[in-house]
Amino acid sequence: MKPQVFKEVIDLGDGREISIETGKLAKQAHGSVVVQSGKCMLLCTVVSNYKQADVDFLPLTVDYREKFAAAGRYPGGFFKREARPSDGEVLTMRLVDRVLRPLFPKDYHAETQVMIQLMSHDENVMPEAMAGLAASAAIQLSDFPFECPISEARVGRINGEFVINPTRAQLEESDIEMMIGASADSVMMVEGEMDEISEEEMADAIKFAHEAIKVQIDAQIRLAEAFGKKETREYAPAEVNEELEKRVHDLAYGKCYAIAKKGTSKVERTNAFAEVKEEVKASFTEEEMAEFGHLVGGYYSKAEKEAVRELTLSEGLRLDGRKTDEIRPIWCEVDYLPSTHGSSIFSRGETQALATVTLGTSRDANKIDMPSYEGEENFYLHYNFPPFCTGEARPLRGTSRREVGHGNLAQRALKGMIPADCPYTVRVVSEVLESNGSSSMATVCAGTMAMMDAGVKMKRPVSGIAMGLISDGDRYAVLSDILGDEDHLGDMDFKVTGTTEGITACQMDIKIKGLSYEILVNALKQARAGRLHILGKITDTIAAPAESVKDHAPTMVTRRVPNEFIGALIGPGGKVIQEMQKETETTIVINEDPVTEEGIVEILGVGSKGIDAVMAKIDSLLFKPTVGSVYEVKVIKMLDFGAVVEYMDAPGNEVLLHVSELAWERTENVSDVVNMGDVFDVKYFGQDPRTRKEKVSRKAILPKPEGYVARPPRDDKRSGGRDNNRGRDNRGRDNRRDDRKPREDKKED
């Protein structure tokens, strides 16, 4: 029996639609939907165990995968099976997780999985823009305790007009690319990159996306009602003891407030708070601790958080003694590592990043191979966050989702400032050596300086800052350059990067409902003041990109070569180019211009000697002498009828100097006039119409000997001319075949 299908359609307003369908696939999941736009289809399923896990957090897993079959392709590599997620898939997981997680109850600890997969790909639809919609729609069909539906949308701006969920081709023309996640009444997540826009323009883009998200949320509500809204499941809520909470608060609040007001370092502050916590525990009897000691820690953390927040709201002071808009002390250094192509250190307070730059050819580009996108990145950034940077020892389990996300944010912040004509592939690696707040923004600053140190001609330097917000509804405080602890206790964590001209990237996680756009713009403007302050420290250290790359770094030269000469440059089986690379100690990469079909030759080498040798080879290959011009040549081979000479300006280009063109006098032996290795001038006459070969002459630029008499030209007609076959008649040959008798057929044996 065919299952009953429920479907809702969302009109994007420009002829495109998104449909949400349920009832056909994956019916044993607690909620499942298929979201479709064009030929792009996503399947999302959600499942949550009915038994609470024995943990004090929500074990939520958001998984997003793109199946290669969806695009009619095979997975690359040896194993023809999708394996670990790509960076692109990880970034989509993070976008969805950051919006969903805060909407589950804090005391809901059941193992929960949200699994989204691309089942059918459409090159005109970017699937990650619909992942949040799919996840929320599936949850609405389940019985999960979930606060409210949400959705996500990508917004672009083309020729001043905002566009929802633009195509990849449209994004090429857009000066904004942002993903916004929101509920009907609150924006919860913002992430994206921009072409140096203002704070007001960023707020307008968020507003535009939020209106589109409200339409998507209405469709989810209609679908859930049509399908049959389930009753929310019951689960064991967290134990509450108001009397115990008040007792812990009274014991801890004042002491925590006093510690927070001292403005101590991270280690001192952590130890002091730990002592207060132990004192609170010690105030209870063994019997009391055995009965409800498991609640004391949570109530203490709540009291500590309230004390720190109140200190900021009432006195404008922060944990380390700074004012709300004050930036921690900064020191910077460039050219720290002697062997890298570029390096820098950026230290701000207790956060430190060491960045390195490596310059390469297009062969070193980062290859992206996903079902929804294939391409290359000529600029990319990797971010590493080892455990020692926070004074911890923990297992190393490969690159974390956090490292992928923070590295991507820093990459997006910087990539717009790499000029289009930068000849190099540029790789930046950030090693976080200390962390107490905003290591991703330290990475942006360190990456800027390292590239300038390497001689990358950035359009403008970029700085970044992490901001926080504390609000109790009536009062609010925007915090510049937040600490790690302030990130945890605040109501908004947002990171903003930019130049003197505007914002280049941002990442926001908003934890309170109904944040006004007025507060958001004020926070962004305070962030701008902080960015410019940090930018001043950067430019004090390195004011402009280095004039040239370092002596030990490779120099890149590009040269365009007509398509017909590429084969000669490569040689049979690549022999010529391989020998050239070996002899000159360079790296040579040849690409084809898709428009002109010219060859674009990249030559990468340390020092100018090898590069000059390759350029000379190309010049030689492209050398075309001009008729009537005089060229210096060298004898490289002696023959009975002349000498083979090589153009000095184009080694490898040879031409025959005939014995008759050596001198005005009659020459019996070539060696009477020239010898191997002789260098002299010749005049170029172009192609000889008689021999069809190129003709050069030495005698043409020599003065004629006195009394010289030229030999008379040969008379081709003196014996009847060539046309008459040297005077012979045809003797009826033209009709010879006609006079023949037909051949008799052979008799059969």
Side-chain angles (χ1 to χ4, degrees), residues 252-277 300-332 345-353 385 388-392 406 432-446 463-472 475-497 509 511 522-523 526-538:
Y253 182 86
K255 294 178 180 178
C256 290
Y257 192 98
I259 292 170
K261 194 172 181 178
K262 288 181 179 180
T264 54
S265 68
K266 177 183 176 181
V267 174
E268 293 173 328
R269 187 169 59 248
T270 300
N271 291 337
F273 281 140
E275 289 179 6
V276 174
K277 186 175 182 179
Y300 167 79
S301 297
K302 185 177 180 181
E304 180 187 311
K305 180 177 179 179
E306 290 175 0
V308 175
R309 287 170 61 90
E310 182 58 32
L311 173 68
T312 302
L313 289 172
S314 61
E315 300 189 43
L317 294 177
R318 300 163 64 178
L319 284 169
D320 58 357
R322 284 181 292 149
K323 296 178 181 178
T324 55
D325 60 351
E326 192 174 346
I327 311 298
R328 288 173 288 178
I330 294 171
W331 69 266
C332 312
I345 303 172
F346 179 83
S347 288
R348 185 194 58 240
E350 296 173 298
T351 296
Q352 184 180 78
F385 192 87
F388 67 77
C389 71
T390 54
E392 298 175 284
H406 280 30
V432 179
L433 306 181
E434 294 181 51
S435 180
N436 183 15
S438 192
S439 56
S440 62
M441 296 298 95
T443 292
V444 171
C445 299
S463 64
I465 189 170
M467 306 290 292
L469 175 73
I470 296 175
S471 174
D472 63 0
R475 301 171 297 169
Y476 77 90
V478 178
L479 311 181
S480 297
D481 181 24
I482 58 173
L483 304 169
D485 290 340
E486 290 173 331
D487 181 5
H488 171 69
L489 61 86
D491 298 317
M492 179 168 67
D493 166 30
F494 64 107
K495 302 176 178 70
V496 189
T497 71
D509 290 297
K511 307 169 190 176
N522 288 341
Q526 185 171 319
R528 184 177 189 274
R531 281 195 293 106
L532 295 179
H533 170 80
I534 297 169
L535 198 57
K537 298 293 184 181
I538 290 173

Measuring from atom [atom1] of [X] to atom [atom2] of [Y], what distance do you get when rounded to the nearest 0.5 angstrom?
X	Y	atom1	atom2	answer
E392	S435	CD	OG	9.5 Å
D509	D491	CG	CG	12.5 Å
D487	F494	CG	CZ	12.0 Å
D481	E486	CG	CD	8.5 Å
R348	S463	CZ	OG	10.0 Å
D320	L483	CG	CG	4.5 Å

Can you tell me if E350 and S265 form a side-chain donor-acceptor pair at under 3.5 Å? no
[X] (side chain) donor-acceptor with [Y] (main chain) under 3.5 angstrom:
X	Y	value
R309	S471	yes
S480	I327	no
S347	I330	no

Which atom names give the shortest non-hydrogen contact between [X] and [Y], and what distance separates them?
X	Y	answer
V276	C256	CG1-SG, 4.2 Å
G464	C445	N-SG, 3.7 Å
G437	R328	O-NH2, 3.6 Å
A442	T351	CB-CG2, 3.9 Å
Y300	F273	OH-O, 2.9 Å
L489	K305	O-CE, 3.5 Å

Less than 4.5 Å apart, any side-chain heavy atom of [X] and any of [Y]?
X	Y	value
D485	R269	yes
H406	F385	no
R475	S314	yes

Surrounding NZ of K537 (heavy atoms of other residues, nucleotides or ligands, distance under 6.0 Å), is the total greater than 12?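 For K537, atom NZ is not crowded (no more than 12 foreign heavy atoms under 6.0 Å).
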Are E315 and K261 close enough for a salt bridge, meaning some N to O gap below 4.0 Å? yes
In plain terms, say whether D493 and K495 are close enough for a salt bridge, that is, a side-chain N and a carboxylate O under 4.0 Å apart.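 Salt bridge present between D493 and K495.
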Show, in sequence, the C-alpha distance, side-chain angles and deciding distance for L469 and K511, and conclude whether the side-chain contact (heavy atoms from CB on, under 4.5 Å) test is met. CA-CA 10 Å; L469 175 73; K511 307 169 190 176; over 6 Å; no
I'd like to know whether T443 forms a side-chain contact (heavy atoms from CB on, under 4.5 Å) with F346, so could you lay out the CA-CA distance, the side-chain angles of the two residues, the decisive distance to 0.1 Å, and finally the verdict. CA-CA 8 Å; T443 292; F346 179 83; over 6 Å; no
For a side-chain contact (heavy atoms from CB on, under 4.5 Å) with I470, tell me which candidate from V308, L313, V478, T324 qualifies. L313
